[in-house]
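Accompanying notes for the structure given below.
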Protein chains: 2
Amino acid sequence: MNTTKRVGRPRGFNCDEALMAAVEVFWTKGYEGASIKDLTEAMGIKAPSLYSTFGDKLNLYKQAIERYLSNDACAPMVAFESEPDIRKAVRAFLEAVIDYATQNESGTRGCFLSSCVSTSAGEVEGVDELLKKAIAETDARLAKRFELEKEKGALPDKFPSLERASLMFDLRQGYIFRARAGLKKNTMTLDLDRRVSIILD
Amino acid sequence: MNTTKRVGRPRGFNCDEALMAAVEVFWTKGYEGASIKDLTEAMGIKAPSLYSTFGDKLNLYKQAIERYLSNDACAPMVAFESEPDIRKAVRAFLEAVIDYATQNESGTRGCFLSSCVSTSAGEVEGVDELLKKAIAETDARLAKRFELEKEKGALPDKFPSLERASLMFDLRQGYIFRARAGLKKNTMTLDLDRRVSIILD
DNA sequence: ATAATTTTGTAATGAACACTATAAAACTTT
DNA sequence: AAAGTTTTATAGTGTTCATTACAAAATTAT
């Protein structure tokens with residue numbers, strides 16, 4: 001009655017690590033641009049293992065998206081939530097977005113969601129659902145912090161939390177787009193202070 | 001000495017129309033997702049004609065981008081520039097963005113630039129240059145209108161035109177992203193008035 | 001008319017694609 | 001140790017991919 005030991009030959013790779021490697025590949029190459037060869041090589045497994053564990057390419061893609069979403073370790077969100085002062089937190093969020101978008105090893109990659117959506121949402125079945133969920137969750141997560149600040153008295157009672165949360169989200173998209181086009185960090189950082197004011201005041 | 005008549009068999013298709021058809025295909029399918037078959041069928045020509053007139057797929061892609069950029073008929077820009085009252089103009093811009101992103105025949109397509117950049121910029125040589133130019137031009141075009149309004153006295157002298165222009169641009173990216181995920185027009189229109197205030201006040 | 005030139009359609013090229021049949025390998029169960 | 005089960009690697013499957021060789025077709029130049 002051992003629940004951990006399954007019958008048959010044990011899997012020779014870590015399922016989760018393989019999935020994270022797949023995220024990386026889709027991230028840089030897009031859904032169509034990522035070949036099974038690219039994926040298997042990055043994941044360190046052969047094609048039959050990929051197909052038996054993750055299904056086909058589309059299924060792997062969806063699982064990679066969910067893996068990314070469930071990670072919660074999106075750098076800008078962490079920066080935003082870990083900084084106690086709300087004004088500094090907003091600034092840290094935007095800075096992290098810019099960093100995230102510009103200083104990635106394999107050139108500018110933007111955000112996995114942004115990258116994935118344009119290649120696949122609408123074209124590939126089921127992907128838009130995942131993204132809708134992700135947007136709503138991110139908006140809510142940002143708004144929650146604003147609500148907490150209102151309770152603390154750091155923000156006025158009539159502060160429109162959800163509205164400003166989605167504003168932050170949209171600014172993020174703008175930075176990502178600019179970074180993809182190759183704009184440099186220093187040019188994007190210029191009006192940071194005023195953008196913080198726009199969000200909070 | 002006839003300059004219009006060239007020697008040899010005349011081209012049986014309109015070069016510009018074919019290029020616009022190519023834009024449509026890249027728009028909906030992305031660079032990698034668009035096959036030569038897709039392209040030739042939409043353009044109404046056979047592969048050899050495509051290659052002799054536009055070079056290879058990458059060259060066609062770049063020409064399609066430039067064709068799109070030189071069009072200047074981007075609906076939100078037109079809406080923004082043709083409305084005399086600046087407040088209404090900003091609102092019209094945002095409304096047009098939302099319309100543009102949500103009510104396209106083949107599902108939600110977003111913007112050609114946004115679609116094209118994520119598939120190809122960074123991965124495909126030369127594309128990021130085209131986009132950088134496009135962003136700078138759009139920012140400048142929006143800012144120019146703000147400057148005119150300052151001269152007219154409709155905006156304060158210290159109004160940061162370029163900053164607010166890029167803010168508008170970035171909000172646009174956010175809407176496009178949301179539309180791609182399948183968000184509906186009415187949910188995005190909710191905080192439109194406050195977003196106009198954010199841009200102008 | 002004939003020659004020269006360019007575009008066109010047909011059909012093919014090799015490469016890369018997503019995906020899988022098969023059998024050996026590695027484990028648990030009996 | 002033999003049987004049963006699952007994963008693995010090898011080596012393919014047919015399809016689609018971007019691209020092009022070739023010759024007929026359509027025009028201008030001589």
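Letters A, B, ... are given to chains in the order of the sequence lines, protein chains preceding strands, and every chain is numbered from 1. FYI, side chains are in, hydrogens and waters are out, and symmetry mates aren't considered; it's all heavy atoms of this structure. The structure displayed is predicted, hence computed values, not measured ones.
- In this structure, the side chain of A:Arg67 does not engage the main chain of A:Val23 through any donor-acceptor pair within 3.5 Å.
- Nucleotides of DNA chain C nearest to B:Ile45 and A:Leu58 differ in position, and the one nearer the 5' end is that of B:Ile45.
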Nucleotide-resolved protein contact map, nucleotides 10-15 of chain D, B/S/- at heavy-atom distance under 4.0 Å: B-----
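- Look at CD on A:Glu41: it is 13 Å from P on D:dA9, rounded to the nearest Å.
- The side chain of B:Pro10 lies closest to D:dT27, out of D:dT19, D:dT27, C:dT8.
- The separation between B:Ile36 atom CD1 and C:dT13 atom P is 19 Å, rounded to whole Å.
- B:Asp170 meets the side chain to side chain donor-acceptor pair (under 3.5 Å) test with A:Arg178, A:Arg195; sequence neighbours excluded.
- Within the 4.0 Å cut-off from OP1 or OP2 of C:dT8, not a single side-chain nitrogen or oxygen of B:Arg9 is found.
- Between B:Asp38 and A:Arg11, the residue whose closest nucleotide on DNA chain D is further toward the 5' end is A:Arg11.
- Rounded to whole angstrom, the span from the CG atom of B:Leu60 across to the P atom of D:dA18 amounts to 11 Å.
- Of the possible polar contacts, none joining the B:Lys132 side chain to the A:Ala181 backbone as a donor-acceptor pair under 3.5 Å is found.
- In this structure, B:Lys57 atom NZ and C:dA15 atom P are separated by 19 Å, rounded to whole Å.
- For the pair A:Ser52 and D:dT7, the criterion of a side-chain N or O lying under 4.0 Å from OP1 or OP2 is not met.
- For A:Val7, counting side-chain heavy atoms from C-beta on, the closest listed nucleotide (C:dT7, C:dC19, C:dT28) is C:dT28.
- A cation-pi contact, defined as under 6.0 Å to the ring centre and within 45° of the axis, links B:Arg172 to B:Phe169.
- At the phosphate of C:dT8, OP1 or OP2 sits under 4.0 Å from a side-chain N or O atom of B:Ser49.
- Few gaps surround CG on A:Asn186; more than 12 heavy atoms of other groups in view lie less than 6.0 Å from it.
- In this entry the distance linking CD of B:Glu32 with P of C:dA16 reads 14 Å, nearest Å.
- The shortest distance between the side-chain N/O atoms of B:Tyr51 and the OP1/OP2 oxygens of D:dT20 is not below 4.0 Å.
- When the P atom of D:dT16 is taken as reference, atom NZ of A:Lys37 falls 22 Å away, rounded to whole Å.
- Between the CZ atom of B:Phe13 and the C1' atom of C:dT7 there is a distance of 9 Å, rounded to whole Å.
- For B:Arg164 and B:Phe146, the positive end is not near the middle of the six-membered ring at less than 6.0 Å and at most 45° from its axis.
- As rounded to whole Å, 14 Å separates atom P of D:dT19 from atom CZ of B:Phe54.
- With a 6.0 Å cutoff to the six-membered ring centre and a 45° limit on the axis angle, A:Lys57 does not count as a cation-pi contact of A:Phe26.
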